[in-house]
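Counting convention: from 1, in listed order, for ligands and their atoms alike.
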Amino acid sequence: MKNKILNLKQQLDAVILAHNYQSADILDIADYVGDSFYLSQIAKSLQNKTIVFAGVYFMAESAKILSPEKDILLPVIDAGCPLADMVDVPTLLEYKQKYPDYTFVCYINTNAEIKALCDVTVTSSNAEKVVSKLNSDKIVFLPDKNLGDYIKNKFPEKDFVIWNGFCPTHERIRANSILTLKEKINDLVILAHPECNKEVRDIADFLGSTKEIIEYASNTNFKNYLIATEDGVIHTLKNNNPDKNFFVPGLPAICMNMKKTTLDDIYYSLLHKKHLISVDADITNKARRSLERMLELAR
Ligand code: CIZ
C-alpha cells in the first residue's frame with residue numbers, strides 16, 4: 001500500500017501532509033508532519049495543486065482558506081474535532097451581543113464559520129504572543145477552557161470570558177496517573193499540552209504545543225520524559241531521540257478522530273480525489289482575515 005501511494009502521489013504530483021497526532025504508518029509516508037498551522041502554511045507555500053491532508057476537518061478547512069486555489073483532500077470526511085464542535089454560530093452570536101466591546105479570540109480548533117465571526121485565531125504555540133499584542137483588555141476566548149485558563153493566567157490585568165469547551169482526549173489525562181509514574185521513575189520530566197486540565201498543567205515541567213513538546217524533548221538532555229498529549233507525538237519523539245525514554249500516564253491518550261485515517265484511505269483519497277474540501281467564499285474571506293491577523297501578530 002505504501003508503494004501504491006507513493007506511485008500515485010508521483011503521478012498526480014500530490015503532496016501528503018500529516019498532523020502530529022496521526023498514526024505511525026501515516027506519519028512515515030507523509031511529506032510534511034507538524035501542527036495544523038504549520039501544515040496550512042506549507043500547503044500555501046507548495047507549488048503542487050493537490051494536497052492530501054491527513055488530519056481532522058478543521059485542519060483541512062484552514063488549509064483551504066489559506067490556499068483557495070488548491071485541491072485540499074481530507075481522506076476521511078467524518079474525521080472531526082469534538083472540541084471544534086463545542087461552539088455553534090447561534091450561541092457565539094449571543095455572546096457577541098452580550099460582550100459587544102470584547103475581542104473574540106478563537107483557537108485554531110474551530111470550524112470556518114466560527115473563525116469568520118472572530119477577530120483573531122490563535123494556536124497553542126502563539127496564543128500568548130498574539131494576546132499580548134492585542135489592543136484590548138477584554139477578551140472572549142473560545143472554545144478550549146484549559147488553554148483559555150492557561151492564557152488568562154499570563155495576563156492578570158485583562159478580563160477574560162472563557163468558553164466551556166474541552167478536548168475529550170486531553171481531558172482524560174489525569175494528574176494522579178502522572179504522579180504515580182513520577183514516584184516510580186527517577187528524574188521524570190513532565191511535558192504537557194495546555195489543553196490538559198489545571199491539575200496536570202500545575203505539575204508539568206513544561207507546557208507547550210505538539211511542536212514545542214517535540215522541540216523541547218529534542219533540545220534538552222534528560223533521559224526520561226512523560227508526555228501528556230495525544231499519543232501520536234510519541235512516534236516522532238522516539239524517531240528523533242532514540243536514546244531517550246518516553247512514557248505516557250495510564251492508558252495512551254488517543255484521539256479516535258485522528259486515528260480514523262488509514263493508508264487505504266490515503267490511497268483512495270488520491271485515486272478518487274476525495275474528499276475535496278470547499279468553503280463558502282464569504283466565510284473564506286472572513287475566516288482568512290482572522291487567520292491572517294494571527295500571522296501578523298505572531299510575527
Ligand atoms: O495546532 C494544532 O495542530 C493542535 C490542535 C495542537 C498542537 O499543539 O499542535
Side-chain angles (χ1 to χ4, degrees), residues 17-23 26-27 30 32-44 53-66 72 74 79-87 105-112 114-115 118 120-131 141-148 150-151 163 165-171 173 191-197 200-201 204 206-218 227-237 240 253-261 287 290-291 294-295 298:
L17 311 185
H19 189 269
N20 285 325
Y21 293 155
Q22 290 288 295
S23 36
I26 307 280
L27 296 173
Y32 297 90
V33 173
D35 63 20
S36 54
F37 187 63
Y38 163 77
L39 295 175
S40 295
Q41 281 184 305
I42 289 287
K44 192 173 152 79
F53 205 123
V56 294
Y57 195 86
F58 80 82
M59 298 178 175
E61 205 181 40
S62 299
K64 181 69 184 172
I65 291 165
L66 290 172
I72 308 288
L74 182 68
C81 171
L83 170 60
D85 293 340
M86 287 179 192
V87 195
V105 178
C106 65
Y107 190 24
I108 195 151
N109 297 41
T110 42
N111 299 315
I114 302 300
K115 288 189 179 77
C118 288
V120 63
T121 301
V122 295
T123 66
S124 37
S125 49
N126 64 27
E128 185 178 348
K129 192 167 186 185
V130 170
V131 170
F141 189 95
L142 58 131
D144 189 88
K145 64 177 179 184
N146 292 315
L147 178 63
Y150 170 66
I151 297 299
W163 204 270
F166 58 92
C167 163
T169 304
H170 284 88
E171 194 63 38
I173 301 174
L191 314 185
H193 197 281
E195 284 178 35
C196 290
N197 61 47
V200 172
R201 295 197 315 271
F206 176 79
L207 283 165
S209 64
T210 54
K211 174 174 172 273
E212 290 167 327
I213 287 176
I214 291 167
E215 282 170 1
Y216 185 94
S218 302
I227 305 300
T229 187
E230 210 276 347
D231 194 57
V233 298
I234 303 281
H235 182 66
T236 307
L237 285 166
N240 294 358
I254 291 176
C255 168
M256 295 317 288
N257 280 283
M258 279 289 177
K259 301 300 195 262
K260 278 181 181 169
T261 311
S290 167
L291 282 162
M294 159 171 78
L295 276 184

Donor-acceptor pair, side chain of Glu195 and main chain of His170, under 3.5 angstrom: no
Short side-chain donor-acceptor distance under 3.5 Å, Asn111 and Asp85: yes
Among Ser209, Ser125, Ser124, the one residue meeting side-chain contact (heavy atoms from CB on, under 4.5 Å) with Pro194: Ser124
Side chain Lys145, main chain Phe166, donor-acceptor under 3.5 Å: no
Residue among Asp144, Val120, Thr121 satisfying side-chain contact (heavy atoms from CB on, under 4.5 Å) with Cys106: Thr121
N/O donor-acceptor pair under 3.5 Å between Glu171 side chain and Cys196 backbone: no
Every pair of nitrogen or oxygen atoms between ligand 1 and the protein that is under 3.5 angstrom apart - can you list them with their distances to 0.1 Å?
from	atom 1	to	atom 2	distance (Å)
ligand 1	1 (O)	Ser36	OG	3.2
ligand 1	3 (O)	His19	NE2	2.7
ligand 1	3 (O)	Ser36	N	2.7
ligand 1	3 (O)	Ser36	OG	2.9
ligand 1	8 (O)	Ser124	OG	3.2
ligand 1	8 (O)	His193	NE2	2.7
ligand 1	8 (O)	Thr210	N	2.9
ligand 1	9 (O)	Thr210	OG1	2.5

